[in-house]
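Since the structure comes first, as structure tokens, the remarks are kept for the end.
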Amino acid sequence: MPDLLAARSQMGVSLAFHIVFAVIGIAMPVMMVIAERRWQVTGHAIYLDLAKRWAKGTAILFAVGAVSGTVLSFELGLLWPEFMRLAGPVIGMPFSLEGFAFFTEAIFLGVYLYGWGRISSRAHLWAGVAVAVSGAASGIFVVIANAWMNAPAGFALVNGQAVDVDPLAAMGNAAALPQTIHMTLAAYAATGFAVAGIHAFFLLRDPANAFHRRALEIALIVGAPAAVLQPVSGDFAARHVAVHQPLKLAAAEALFHTQSGAPLTLGGWPDLTARQTHFALELPYGLSLLAFHDPDAEVRGLDSAPQDEWPNVPAVHLSFQLMVALGTYLAVVALWVAWLAWRGKDLAHHRWLMRAIALATPFGFVAIEAGWMVTELGRQPWVIYRVLKTSDAVTPMPGLVVPFIAFTLLYCFLGVIVAWLLYRQIVRSPSVAEWRGFYMPEGEVR
Amino acid sequence: MTLATLLAGTIFIALNVYALLGGADFGGGVWELFASGPRRERQRELVAEAIGPVWEANHVWLILAVVLLLTCFPPAFARLGTLLHIPLSLVLIGVVLRGSAFTFWRYGSPGDEEQRHWGTTFAIASLITPLLLGTTVGAIASGALGDAGRAPGFYENYVAPWLTPFTLSVGLFAVVAFAFLAAVYLTLETQERDLREDFRRRALASGAALFLVAGLALLLSGAYAPVVRTALIFAAWAVPLHLLTGAAAIAALWALWSRRWRVARIAAATQVSLILWGWALSQYPYVVPPDLSIGAAAAPAVTLRLVLAAVVLGAVILLPSLYYLFRVFKRSPQSSAISHQ
Ligand code: HDD
Ligand code: HEM
Ligand code: HEM
């Protein structure tokens, strides 16, 4: 395996692993805080129980998120020293701010997880709020850094050196707003639906179980609005990409030829030699409409650049299709939930809805991974778009396949353990016979 | 003092606090590994209870140092990442195993066989990680990470700089120092007299061992770390620093001997901090000796000013929060096991 490929793979594996835990670290505190607040307001112990059970699972995930994040911050130097040499002064700022956000998060997480009964319940709730806010902030800061790689700003390049550095302008780069909105919503949508899905699964067997009903409700309050907004923010992101990274959009849409009135390509397999996409469904004018809100707008195709500057078209196209398909599914289910709730229906007794939600358990996370593949693979061969090639950023150290394999095995091992520990805990949790039908015998969900 | 020096100092303060807090968490793992005698289970419990609520916060000091380094001194970050790729990767594996094993150990269902394995994994990772971390510090101090002067070749560039008797002695020093700190702190974490005595004995033993290892490192520095060694002997600050360090060391041992736990804690932390600052001063003005100075490695002034503003702002939020965290968990020693469930 060539060293560059090994380094890229190691970075990709580390990030793909970390993002799962980071996303949970952003959204889970919100759910715990809602549950705890409801306990304080209603006095129903069931909410306290829920908050504590969620906290227990989250503690494990947080620890794994923290250590895998540590790996990432070192890997920037271990794998991409030349990238950091150039990028550090310009975009190091959000990384430093992120450091402070982690700090706040870690402090109040300790207070939250270990502070039950030691501090007043008000202070405890506020510790949870601090975790939720700083978790979202750390995600936003690091995505700003990533957005800068897509839309570099705030410096001039002279002889391979960054001069006229303006870190604030770098943070205000064009991609920052669309990406941070889309990513933050993604965290709530994915985690909300994953938690809702697990509880929906139990409700299919036992629709009256008050514990799972409450959990489902809170998870949907966090997940459903975000899932509805996600296609809107995705459209915002796509319109940005159309202007600033036309080749990425061309790869995502498998558009080989520059054309006006470009169709939207659904599915299909891009054939690089024939320069066309087989087995695809084409909606006339669709792409021009989506990307520029104008049916006749010209959309740049892959042929506007030499082929050695193309990203991996099949991978980017398939990832993009996967994300959009899953995003559409989640948005439709979320709207369905809203419709039923608005008409005052009992969600938990709606078997088809519960099936649809249970099916969606992994979808948000898969969409997140796919979306990052679009962003990262679609930027290739550049690590900083049109400034620094990935191949020029990599460390000179040989034999990178060894750390790649070592970290991959480590993460596979950890992933299995975490999954098993959570599974054990989830399976154990529902048998709260005394909760069953206690508060709401047939009950409507409020 | 220049802006860059100020920020280099800030980074070093973060490292210093990491050594005092995160280091002690590693040291706790070492005592988990060497738990023995009739109260071994209670010793283990105490270590876990002391670390539980604070280890993530303690760990972030390292991350803070890293992100500040990559922002303020990118060439130093790039060079360390390149030449110390192997030991740093191993440190990372240690960090991952230690953090996750600790959590699995504490949050799994207690008492079963598998929990034991996690405890052991945590303990072994706590031993090896500081050893490697110390080794990388030794490599920096020995001045072997310069741009010039290395023969081409994998071993010469990526192994030799960090694998010498001197670097290993620094690694050993880190392990012993962290174990010493942990034992001293742990005497304050419990009201049980016997348990306290267990850790008093451990603190005295590791404190004595620390003298030996420090002497060994100093001896080896003659051959392997000439720059640092010369400064440590001839610089104007050298004699006062050695006297202060020696005084702190003796005060720590005396306080342990006479069971003045709080004095012992302050003296031990002072002792370790002074040794770290001795290292920093002896390689000043270089971030990576012998050729990458603070001035040469520094990012443009705009960046440094912004980071400094962020540090000040961050400190305003963080220091009261940290104070709160430690007040909640470290004031009363009668801490119970994880209290939810
Ligand atoms: C729950 C997860 C999720 C869902 C449902 C969607 N996305 Fe997404 N998408 C992400 C999660 C995500 C992400 C993983 O969070 C990315 C990667 C980088 C980023 O900022 O967000 C992303 C990136 C991303 C990009 C690339 C941005 C860039 O490279 O700068 C585009 C164009 C879209 N998305 C568009 C969409 C559209 C049109 C969707 C319609 C349903 C959609 N996304 C649903
Ligand atoms: C957590 C979600 C993310 C995932 C899943 C992800 C995924 C990936 C993948 C698959 C690669 C390899 C791409 C290739 O070389 O073909 C990569 C590379 C890289 N990513 Fe990301 N990424 C994420 C977020 C980020 C963020 C937030 C940053 C920086 C702030 C970042 C920085 C980098 C760098 C520096 C590289 C190496 C250079 C390159 O290949 O372009 N990534 N990432
Ligand atoms: C889009 C991608 C990313 C997002 C959304 C994200 C977000 C987060 C969040 C929310 C946490 C704390 C929650 C937890 O521990 O589970 C976290 C932890 C961490 N992340 Fe990421 N991160 C991303 C990528 C990265 C990258 C590229 C780096 C490398 C610079 C990084 C470095 C860290 C570190 C060092 C921690 C540990 C902090 C601690 O100990 O609490 N993350 N990340």
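Chain A is the first sequence line, chain B the second, and so forth, proteins listed ahead of strands; every chain is numbered from 1.
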Side chain / backbone / both / neither for [X] at chain B, heavy atoms under 4.5 Å:
X        : answer
A:Leu422 : neither
A:Leu97  : side chain
A:Leu86  : neither
A:Pro403 : side chain
A:Leu410 : side chain

Contact check, side chains of [X] and [Y], non-hydrogen atoms, under 4.5 Å:
X        : Y        : answer
B:Phe104 : A:Leu414 : yes
B:Phe77  : A:Arg85  : no
B:Ile317 : A:Phe100 : no
A:Met397 : B:Leu83  : no

Side-chain donor-acceptor pairs under 3.5 Å in residues 4-11 of chain B, sequence neighbours left out?
residue: B:Thr5; atom: OG1; partner: B:Thr2; partner atom: OG1; Å: 2.6
residue: B:Thr10; atom: OG1; partner: B:Leu6; partner atom: O; Å: 2.8

Interchain contact, [X] with chain A, by part (heavy-atom threshold 4.5 Å):
X        : result
B:Val311 : both
B:Leu62  : side chain
B:Phe73  : neither
B:Leu64  : side chain
B:Leu90  : neither

Option that, when pairs with chain B are counted at under 4.5 Å, heavy atom only, ranks first among [options]:
options                              : answer
A:Leu168, A:Val163, A:Asp166         : A:Leu168
A:Ala87, A:Pro89, A:Gly110           : A:Pro89
A:Ile417, A:Val418, A:Ile91          : A:Ile417
A:Gly399, A:Pro81, A:Gly57, A:Ala123 : A:Pro81

Within this structure, what is the [atom1]-[atom2] distance for the pair [X] and [Y], rounded to the nearest 0.5 Å?
X        : Y        : atom1 : atom2 : value
B:Ile63  : A:Ser96  : CD1   : OG    : 12.5 Å
A:Phe103 : B:Leu319 : CZ    : CG    : 8.5 Å
A:Ile119 : B:Phe329 : CD1   : CZ    : 7.0 Å
A:Tyr114 : B:Leu325 : OH    : CG    : 11.0 Å

Nearest atoms (heavy-atom pairs only) where [X] meets [Y]:
X        : Y        : value
A:Pro396 : B:Tyr158 : C-OH, 3.6 Å
A:Gly99  : B:Val60  : O-CG1, 4.0 Å
A:Met84  : B:Leu70  : CE-CD1, 3.0 Å
A:Leu78  : B:Gly81  : CD2-O, 3.4 Å
B:Val328 : A:Arg118 : O-NH1, 3.0 Å
A:Pro167 : B:Thr303 : CG-OG1, 3.7 Å

- Message: Could you check whether A:Thr70 and B:His59, counting side-chain N and O atoms only, form a donor-acceptor pair closer than 3.5 Å?
- Response: yes
- Task: Under 4.5 Å, heavy atom to heavy atom: which of residues 92-100 of chain B reach chain A? Give them by number, or say none.
- Result: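 The list, in residue order, reads B:Leu92, B:Ile93, B:Val95, B:Val96, B:Leu97, B:Gly99, B:Ser100.
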- Anything under 30° is parallel, anything over 60° is perpendicular, the rest tilted; go ahead and classify B:Trp118 against A:Phe413. tilted
- Message: Surrounding OH of B:Tyr323 (heavy atoms of other residues, nucleotides or ligands, distance under 6.0 Å), is the total greater than 12?
- Response: no
- Query: Taking everything shown except A:Gln161 itself, do over 12 heavy atoms lie less than 6.0 Å from its CD?
  - Reply: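 Open.
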- Query: For the side chain of B:Ser321 and the backbone of A:Thr104, is there at least one donor-acceptor N/O pair under 3.5 Å apart?
  - Reply: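 Checking the backbone N and O of A:Thr104 against the side chain of B:Ser321, no donor-acceptor pair under 3.5 Å is found.
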- Task: Determine the option with the most heavy-atom pairs under 4.5 angstrom with chain A, choosing from B:Val307, B:Leu322, B:Val91.
- Result: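 Counting heavy-atom pairs under 4.5 Å, the top option is B:Leu322.
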